[in-house]
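What follows is a set of notes on a single structure, which appears directly below.
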Amino acid sequence: MKIFSAEQMRAWDAYTIRHEPVLSIDLMERAAGRCADWLLAHFGQETGFMVFCGMGNNGGDGLAIARMLLAAGRRAGVVILESRRQGSPDFLENLKRLQAASGAIFLLAAGDAIPDVPAGAVVVDALFGTGLNTPLSGHAARLVEHLNGLPNTRVAIDLPSGLFADRSAVGNPVLLATHTLTFAAPKLGLLLQENAPFTGEVHILDIGLSPAFESATETRFQLATATLVKSRFRPRNRFAHKGNFGHAYLAAGSLGKMGAALMAATACLRGGAGLLSCHVPRCGVGILQTALPEAMALPDPDETRLTTLPGETSRYNCAGIGPGIGTSTQTAAMLRSCLAKFQVPFVLDADALNLLAKDESLMSLLPAGSILTPHPKEFDRLFGAHDSDFDRIETALAAAERLQSVVLLKGHHTFIASPTGSGYFNTTGNAGMAKGGSGDVLTGLLTALLAQGYGAEDAALVGVWLHGKAGDLAVERQSYESLLPGDLVARLGAAFRQLYP
Ligand SMILES: NC(=O)C1=CN([C@@H]2O[C@H](COP(=O)(O)OP(=O)(O)OC[C@H]3O[C@@H](n4cnc5c(N)ncnc54)[C@H](O)[C@@H]3O)[C@@H](O)[C@H]2O)[C@@H](O)CC1
Ligand SMILES: Nc1ncnc2c1ncn2[C@@H]1O[C@H](COP(=O)(O)OP(=O)(O)O)[C@@H](O)[C@H]1O
Ligand SMILES: [K+]
């Protein structure tokens with residue numbers, strides 16, 4: 001599913017009006033109808049509504065929604081935030097229609113006291129949508145801050161007022177929505193971690209915009225949906241043998257951190273690697289061989305950490321490095337020789353990324369077609385401090401192009417920056433995965449997919465989606481609190497099955 005900018009949304013709207021054809025007021029009626037249906041289905045008969053409207057088309061939606069709620073027999077009051085500009089034509093038409101339906105309307109001018117919102121009433125935020133052009137100030141900001149202080153549930157129409165579709169609103173007044181009902185497609189601002197407090201749960205409502213425009217329009221960003229990921233998945237040939245699925249090299253673990261190595265190694269084998277050789281410190285050999293007999297051990301000469309590259313490097317077709325390795329100078333030297341000697345794609349995670357951040361010259365050794373998997377803190381260590389997630393995704397795309405590799409930015413909607421310039425947001429995963437070790441599982445899984453011959457972009461799309469899906473399946477048998485990274489590995493099989501044709 002494509003992610004459209006505010007400008008593209010306007011063009012999509014206009015294209016639909018011209019080509020369906022449909023009057024813009026009728027398109028607004030359709031959008032408002034979807035919202036009213038959602039509100040009626042989610043809140044019981046006894047719930048009343050207070051709809052706060054601006055004077056643009058977002059406000060027009062609000063007026064139409066209020067009329068529909070009244071027609072359905074619900075209590076619905078309307079507050080219009082007065083502006084110096086005249087209302088948009090569709091706002092003015094909906095104002096007439098609401099007045100004809102005898103809706104109660106309160107006009108809120110600067111300096112007026114904000115009307116009381118009854119306890120239990122749902123606040124519908126139709127103040128501003130994609131047309132907002134500057135941060136909220138004056139009485140608009142005052143109203144939003146007042147609404148944020150109320151205990152009432154808040155439902156935002158299209159965007160929480162104050163949020164921008166395509167740029168950061170950090171530090172600005174923004175409505176804190178419990179739910180956001182957004183039209184036709186997700187907006188970039190609704191997917192980024194920094195906006196999570198404002199968006200609440202996001203619901204995408206289909207309002208019948210032109211499919212022809214959607215398929216013909218290029219976007220920088222897309223959602224990694226099951227459909228997209230299925231198109232990148234490679235089902236196995238019935239006559240396949242282990243030689244078809246690669247030999248992965250995984251460097252992981254140190255004294256006290258062999259768990260990280262085991263989680264990554266198990267995920268690598270459950271992820272389908274034909275063979276796995278796991279480079280571990282001497283203290284970890286017994287642990288690995290006992291807990292995971294399917295993996296081969298490459299013992300490091302050092303007892304507690306990784307220091308020395310294994311003699312033979314040509315037999316592996318990909319390398320995963322990082323989980324639990326620490327950042328000692330000996331391990332840094334080992335990473336340097338790995339990057340210099342292995343001519344294969346890498347997955348670099350955790351301490352491998354921290355080592356890269358300490359020594360920029362390592363980055364230039366990274367072979368094209370690799371995958372870096374930082375979480376936001378590791379990301380900033382690698383690429384410098386960022387003020388916003390909007391800036392981070394631009395940096396990720398620039399780095400992906402420069403390195404000709406995939407750069408992830410892990411989070412609720414993990415961002416996948418491809419060297420082609422495309423950016424994808426993952427759609428699977430949950431807060432149960434916020435536990436040390438989830439990232440190690442991802443490293444093992446991505447290494448497995450590279451071993452099987454996936455290119456970096458496909459491996460990242462398929463791997464990140466599977467990792468989150470395994471988390472979603474695992475949480476059905478656990479809880480968000482009790483989920484363990486090992487449960488993700490245990491549900492990887494069921495997650496893979498969802499991609500089968
Ligand atoms: N694109 C679509 O598919 C559809 C869009 N619709 C609605 O239309 C909205 C966009 O409508 P508009 O373009 O009229 O824009 P909005 O209604 O989002 O906001 C623009 C209005 O706010 C004012 N404004 C902008 N920034 C301000 C600020 N910082 N302080 C105070 N006032 C400010 C503008 O002068 C204008 O009156 C969407 O968010 C959606 O709710 C729907 O009606 C139907 C379909
Ligand atoms: N709230 C969440 N929603 C979806 N995915 C999550 C959430 N929290 C964590 N994850 C996923 O779990 C993984 C955590 O990785 P990371 O932060 O490196 O953890 P660790 O290094 O401790 O294993 C990432 O892939 C991330 O996307
Ligand atoms: K809004």
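Quick note: residue numbers are just sequence positions, from 1.
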Tell me the closest heavy-atom pair linking [X] and [Y], and the distance in Å.
X	Y	result
Pro115	Val79	CG-CG2, 3.8 Å
Ala417	Ala400	O-CB, 3.6 Å
Ala451	Asn317	O-ND2, 2.7 Å

Donor-acceptor pairs are to be reported for all side-chain atoms of residues 60-75 against protein atoms at under 3.5 Å, with residues two or more places apart or in another chain.
from	atom 1	to	atom 2	distance (Å)
Arg67	NH1	Glu29	OE2	3.0
Arg67	NH2	Glu29	OE1	2.9
Arg67	NH2	Asn94	OD1	2.8
Arg74	NH1	Phe43	O	3.1
Arg74	NH1	Gly44	O	2.9
Arg74	NH2	Phe43	O	3.0
Arg75	NH2	Glu46	O	2.5

| query | With no hydrogens and no angle check, do the side chains of Asn426 and Thr414 hold a donor and an acceptor under 3.5 Å apart? | reply |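 Side chains of Asn426 and Thr414: no pair found under 3.5 Å.
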| Would you say the side-chain atoms of Thr420 and Ser418 include a donor-acceptor pair closer than 3.5 Å? |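 Checked: Thr420/Ser418 side chains pair up, N/O donor to acceptor below 3.5 Å.
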Around [X], counting heavy atoms of other residues, nucleotides and ligands shown, do more than 12 lie under 6.0 Å from its [atom1]?
X	atom1	answer
Asn244	CG	yes
Glu401	CD	no
Asp116	CG	no
Arg477	CZ	no

For [X], all residues meeting side-chain contact (heavy atoms from CB on, under 4.5 Å), sequence neighbours excluded:
X	answer
His139	Leu81, Ala110, Arg142
Ala368	Gln404
Val475	Asn430, Tyr480, Leu483
Met363	Leu356, Leu372, Leu382, Phe383, Leu403

Tell me, please, which residues at least two apart from [X] pass side-chain hydrogen bond (donor to acceptor under 3.5 Å, both in side chains).
X	answer
Asp90	Ser24
Asp458	Arg232
Ser168	Glu194
Thr153	none

| Is the shortest side-chain N to carboxylate O distance from Asp380 to Arg392 below 4.0 Å? |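 A salt bridge links Asp380 with Arg392.
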| Centroid-to-centroid, Phe213 to His19, below 6.0 Å? |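 Not close enough - the centres of the two rings lie 6.0 Å or further apart.
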| Which residues pass the ring-ring contact (aromatic ring centres under 6.0 Å, His included) test with Phe425, sequence neighbours left out? |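 Phe425 satisfies ring-ring contact (aromatic ring centres under 6.0 Å, His included) with Phe415 once adjacent residues are dropped.
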| query | Under the salt bridge (charged side-chain N to carboxylate O under 4.0 Å, His left out) rule, what pairs show up with a residue in residues 176-187, not counting sequence neighbours? | reply |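 Non-adjacent pairs meeting salt bridge (charged side-chain N to carboxylate O under 4.0 Å, His left out): Asp158-Lys187.
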Residues 30-40 side chain polar contacts: donor-acceptor under 3.5 Å, at least two apart:
from	atom 1	to	atom 2	distance (Å)
Arg30	NE	Ile207	O	3.0
Arg30	NH1	Glu20	OE2	3.0
Arg30	NH2	Glu20	OE1	2.9
Arg30	NH2	Ile207	O	3.4
Arg30	NH2	Gly208	O	3.0

| request: Using the six-membered ring of Tyr500, assess whether NZ or CZ of Arg497 lies under 6.0 Å from its centre and within 45 degrees of the ring axis. | output: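 Geometry flag: not set, cation outside 6.0 Å or 45°.
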